[in-house]
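Lettering follows sequence order; numbering is per chain, from 1.
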2 protein chains.
Amino acid sequence: MMRLMDTQSPWLDDDQQDLWQALLTVVIALPAALDRQLQRDAGISNFEYGVLAQLSMADEATMRLSDLARVCDSTQPRLSKVMDRFEARDWVARRPDPGDGRYTLATLADAGRHKLVESAPEHVAQVKRLVFDPLSAAQRRHLGAALTRIAATVRRETEGG
Amino acid sequence: MMRLMDTQSPWLDDDQQDLWQALLTVVIALPAALDRQLQRDAGISNFEYGVLAQLSMADEATMRLSDLARVCDSTQPRLSKVMDRFEARDWVARRPDPGDGRYTLATLADAGRHKLVESAPEHVAQVKRLVFDPLSAAQRRHLGAALTRIAATVRRETEGG
DNA sequence: CTTTTTCACTTGCCTGGGCAAGTGAAAATA
DNA sequence: TATTTTCACTTGCCCAGGCAAGTGAAAAAG
């Protein structure tokens, strides 16, 4: 029930239903599993880890908050509050962009980089165990290609409104 | 930086990094996009939609809460609070399992089924647009296979502790 | 039969995050 | 130059969800 087979119908067919269920499990349970590991071992969330990692990869470990929000798939208020916490622990520093006072530049501080380097190995191991180990090399390639397309579509949806 | 190429290293190589970034975007931005659509059009979250859908597919539209929590990848407190809201709107009814008073049976009520049927078309259309339309038939098969493996691994992680 | 343990579920407390309104800076308009 | 609009970011209010403690029922132990 709740699904008809006609390909033109508004419903999903059986194969689509299976894919969709698997994707739902992944988008719900995978972040939860990553959060549990990082919270237990490092006291930070998966999202916070991502913010530190993105900053660390930027030139001079510095980015505008709006750019950082975009690459982290974050809203501005959410990132703003994460930066409040990070600044309180001296993991990052904020300052107005000298070129345009509307922007704010965030720079990863030593303590923040240390936190990232310290928590990375266990986190990466968890990612490998949950995502890469179950797949063959070919499956990884296919998965990467498919996810890249979906990610691009979702990003357009998010930004375009 | 933050990534070395050695396959034995604790880091991800470039291809893995790309896959991982795409997966992060999907697990973060896809639920957000689904939530926005459902919240706007139906006033419910993606998770709440999933609860209604799972119940609707069960025999007699009735399930034990613990089973429902499992198929929805939910904790028990989270599901318990969703059921509070649903019961307040007469979308579901809860009663003790006659066979074992520790379990609670949840049954989808008419109003709940109506809500599901009413909100399904736009939601399914959104899923098709964001997930299926960007992919070829072959990519869908490959994606389904890969996600099924990852989902199984994550479920084991979640249940096994 | 009584007591203890093990369940399934719920409740309370606290934090994270969404949205909408507020602030301050730069650009556009007059 | 003065005013308005646009932009990047922050703040306040509210609600969802995680965790740990609490409740009530069934099984196990005595």
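Here the side chain of A:Q76 is nearest to one of D:dT10, C:dA27, C:dG17, namely D:dT10. Side chain of B:P77, nearest nucleotide from C:dA8, D:dC19, C:dA25: D:dC19. The side chain of A:R85 lies closest to C:dG16 when the candidates are C:dC7, C:dC9, C:dG16. Of the candidates C:dA8, C:dA27, D:dC9, C:dA27 carries the atom nearest the A:R102 side chain, counting heavy atoms from C-beta on. The side chain of A:T75 lies closest to C:dG18 when the candidates are C:dG18, C:dC9, D:dA8.
For the pair B:R140 and B:F132, the cation-pi criterion (under 6.0 Å, within 45° of the ring axis) is not fulfilled.
Counting to the nearest Å, the C1' atom of C:dG18 and the CG atom of A:D73 are 16 Å from each other. Distance, B:I28 CD1 to C:dG18 P: 10 Å, rounded to whole Å. At whole-Å resolution of the value, NZ in A:K81 and P in D:dG12 are 10 Å apart. The interatomic distance linking A:D97 (CG) with C:dG24 (P) rounds to 19 Å, in whole Å. The interatomic distance linking A:Y103 (OH) with C:dA27 (P) rounds to 10 Å, in whole Å. Look at CG on A:D100: it is 12 Å from P on C:dA28, rounded to the nearest Å. If you take CZ of A:F47 and P of C:dG17, they are 7 Å apart, rounded to a whole angstrom. Nucleotide D:dA8 holds its P atom 10 Å from the CG atom of A:D67, rounded to whole Å.
Classified by interplanar angle (parallel below 30°, tilted 30° to 60°, perpendicular above 60°), the ring pair B:Y49/B:H123 is tilted.
The shortest distance between the side-chain N/O atoms of B:S66 and the OP1/OP2 oxygens of C:dC9 is below 4.0 Å. For D:dC9, the OP1/OP2 oxygens have no side-chain nitrogen or oxygen of A:R94 closer than 4.0 Å.
Annotation: of the two residues near DNA chain C, B:T104 and A:G99, the 5′-most nearest-nucleotide partner is B:T104. Heavy-atom distances to DNA chain D give each of A:R64 and A:R36 a nearest nucleotide, and the one nearer the 5′ end belongs to A:R64.
Each of B:M63, B:R94, B:R95, B:E60 was evaluated against B:T107; a single residue qualifies, B:R95, per the side chain to side chain contact (heavy atoms under 4.5 Å, CB included) test. With B:I150 as reference, A:V26 is the one residue of A:D133, A:V26, A:L23, A:T25 to meet the side chain to side chain contact (heavy atoms under 4.5 Å, CB included) rule.
In this structure, A:D67 pairs ionically with A:R70, as a charged nitrogen and a carboxylate oxygen lie closer than 4.0 Å.
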